[in-house]
2 protein chains.
Amino acid sequence: MCQNTAVPRYVDKDERRRHVAAALRRIAAREGLEGVSIRTVAAEAGLSVGAVQRDFGTKDDLLRFALREALANVSRRFSGIRVGPGGLSFAEGLRRVLTDLLPTDDERLAEARVWSAFYARAAVDPGFADTLAELDARARAALRAAVGWAAEQGELAPGQDPDALVELLLVLVDGIWLSAVRRPPGASLDAQRAAVSAAVAAVTGGEGRGTRRG
Amino acid sequence: MCQNTAVPRYVDKDERRRHVAAALRRIAAREGLEGVSIRTVAAEAGLSVGAVQRDFGTKDDLLRFALREALANVSRRFSGIRVGPGGLSFAEGLRRVLTDLLPTDDERLAEARVWSAFYARAAVDPGFADTLAELDARARAALRAAVGWAAEQGELAPGQDPDALVELLLVLVDGIWLSAVRRPPGASLDAQRAAVSAAVAAVTGGEGRGTRRG
DNA sequence: TCCGTTTTGATACAGTCGTATCGATACATT
DNA sequence: AATGTATCGATACGACTGTATCAAAACGGA
């Protein structure tokens with residue numbers, strides 16, 4: 001009796017929300033946000049329209065949830081890349097982050113497409129822009145810490161303003177990530193990898209100044 | 001009699017196509033590509049649905065035309081920035097290009113929003129991706145020339161691979177341009193300007209190595 | 001077992017979409 | 001002035017949209 005009153009009755013509601021959000025992202029990666037409708041998402045998730053409606057009151061709620069989830073997936077990957085004392089050098093961390101964004105598999109390609117779709121939407125929808133700004137602030141904080149540490153270690157090219165560098169890195173991350181979108185389907189990733197190398201080299205001032213660490 | 005059989009009958013057709021494309025871009029900047037429909041574009045342009053239909057057989061034709069026109073506007077501005085012998089230094093040219101992309105006025109902000117919308121569309125529409133790839137190739141060629149010249153002048157940071165640098169610059173241009181989208185409405189442009197400065201400094205290896213020119 | 005509450009899927013509704021059609025209009029030519 | 005043709009705006013069509021509604025089914029607690 002009353003073993004857990006907080007848990008939803010039939011299925012785990014949060015899990016189903018994630019399931020629906022994943023279906024939305026699959027459609028968005030395949031056809032863009034224009035192909036996303038309550039009906040298509042429900043069909044992709046194997047649910048009825050009413051079920052999706054009940055889990056997410058409105059379509060915007062669904063979109064926003066899917067955006068947050070999509071970015072949570074990416075940042076979860078990044079959480080494994082630790083820059084700082086006891087972790088990676090700044091250059092190596094930057095290289096790994098940028099490389100991780102490249103569309104090396106279908107999942108990453110889909111992420112980039114979804115990101116571009118949400119990005120475009122944020123351009124005209126203040127609600128989405130707010131969500132983006134919040135995530136932006138988080139990324140900025142993480143980058144600031146990494147750049148601050150890199151500056152201490154003398155790992156940066158001389159004459160770089162750390163705050164300006166943080167802004168540049170934000171731009172770089174976006175640019176690299178979105179470059180997946182403009183890459184022709186069959187093309188190799190060499191150009192993108194080259195861009196990553198050039199970015200790391202430019203930011204850190206060539207290969208390896210500053211203190212090296214194991 | 002037959003004074004000019006090539007000219008359209010009532011109005012200049014090409015001019016009206018441009019007029020319609022401009023109306024489309026206004027809507028895209030305001031509401032995104034989702035707000036663009038034959039009806040809304042016709043209304044914005046002050047025309048009937050039938051007129052727009054006749055000028056552009058299908059909606060995709062209209063979108064593609066508007067995309068090319070939008071990018072022609074930007075590249076026309078860039079054509080005034082000449083890097084090379086008798087022109088600007090590489091660093092100064094790069095700084096001007098990136099700065100010109102910043103949303104310093106409503107027109108530029110609109111351009112960035114339109115760009116983000118087309119970008120997202122190209123992610124899932126091969127026809128648009130082809131158009132983008134073509135424009136991409138043009139930008140790449142221009143950048144290659146500029147970078148080649150900068151390398152000759154010793155204006156680049158040491159150890160930079162010119163080809164890789166070209167790819168990085170493409171990424172930078174995209175990133176800077178699209179950063180307009182994520183900027184909160186009232187915020188200052190200082191962060192973006194800082195990113196531009198940091199980008200120029202990183203790529204050219206700090207302020208002014210290489211030969212200076214007037 | 002029965003009741004009360006949720007959850008469900010189907011359907012209804014009012015719009016909008018892209019496109020096709022078509023009579024009226026406006027012009028060039030004879 | 002009459003004719004033929006190209007252009008015009010309006011409207012029709014079927015498909016789709018987001019959302020609301022609602023009977024039926026499924027479950028927990030008694």
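Of the candidate nucleotides C:dA20, D:dT21, C:dG18, C:dA20 has the atom nearest to the side chain of B:Gln53. Looking at the side chain of A:Arg16, the nearest of the listed nucleotides D:dT19, C:dC17, C:dT8 is C:dT8. Each of D:dT21, D:dA10, C:dG9 was ranked by its minimum atom distance to the side chain of A:Arg54; first place goes to C:dG9.
To the nearest angstrom, C1' of C:dT16 lies 11 Å from NZ of B:Lys59. Atom-to-atom, CG of B:Asp55 to P of D:dC8 comes out at 7 Å; the value is rounded to the nearest Å. Note: CG (B:Leu33) to C1' (C:dC17) measures 14 Å, nearest angstrom. Look at CG on B:Leu62: it is 13 Å from P on C:dC17, rounded to the nearest Å. Atom-to-atom, CG of B:Leu47 to P of D:dG9 comes out at 7 Å; the value is rounded to the nearest Å. Put simply, CD1 on A:Ile38 is 9 Å from C1' on D:dT19, counting in whole angstrom units.
A donor-acceptor contact shorter than 3.5 Å is absent between the side chain of B:Thr58 and the backbone of B:Asp61. At least one donor-acceptor pair closer than 3.5 Å links the side chain of A:Ser48 to the backbone N or O of A:Ala51.
By the 4.5 Å heavy-atom criterion applied to side chains, B:Glu167 and B:Arg140 are counted as neighbours. B:Trp115 places none of its side-chain heavy atoms less than 4.5 Å from the side chain of B:Val74.
The residue among B:Arg39 and A:Ala51 whose nearest nucleotide of DNA chain C is located toward the 5' end is A:Ala51. With the nearest nucleotide of DNA chain D identified for both A:Gly50 and A:Val36, A:Val36 has the one nearer the 5' end.
Contact annotation: B:Thr58 side-chain N/O to C:dT19 OP1/OP2 distance is under 4.0 Å. Residue A:Ser37 places at least one side-chain N or O under 4.0 Å from the OP1 or OP2 atom of D:dG18.
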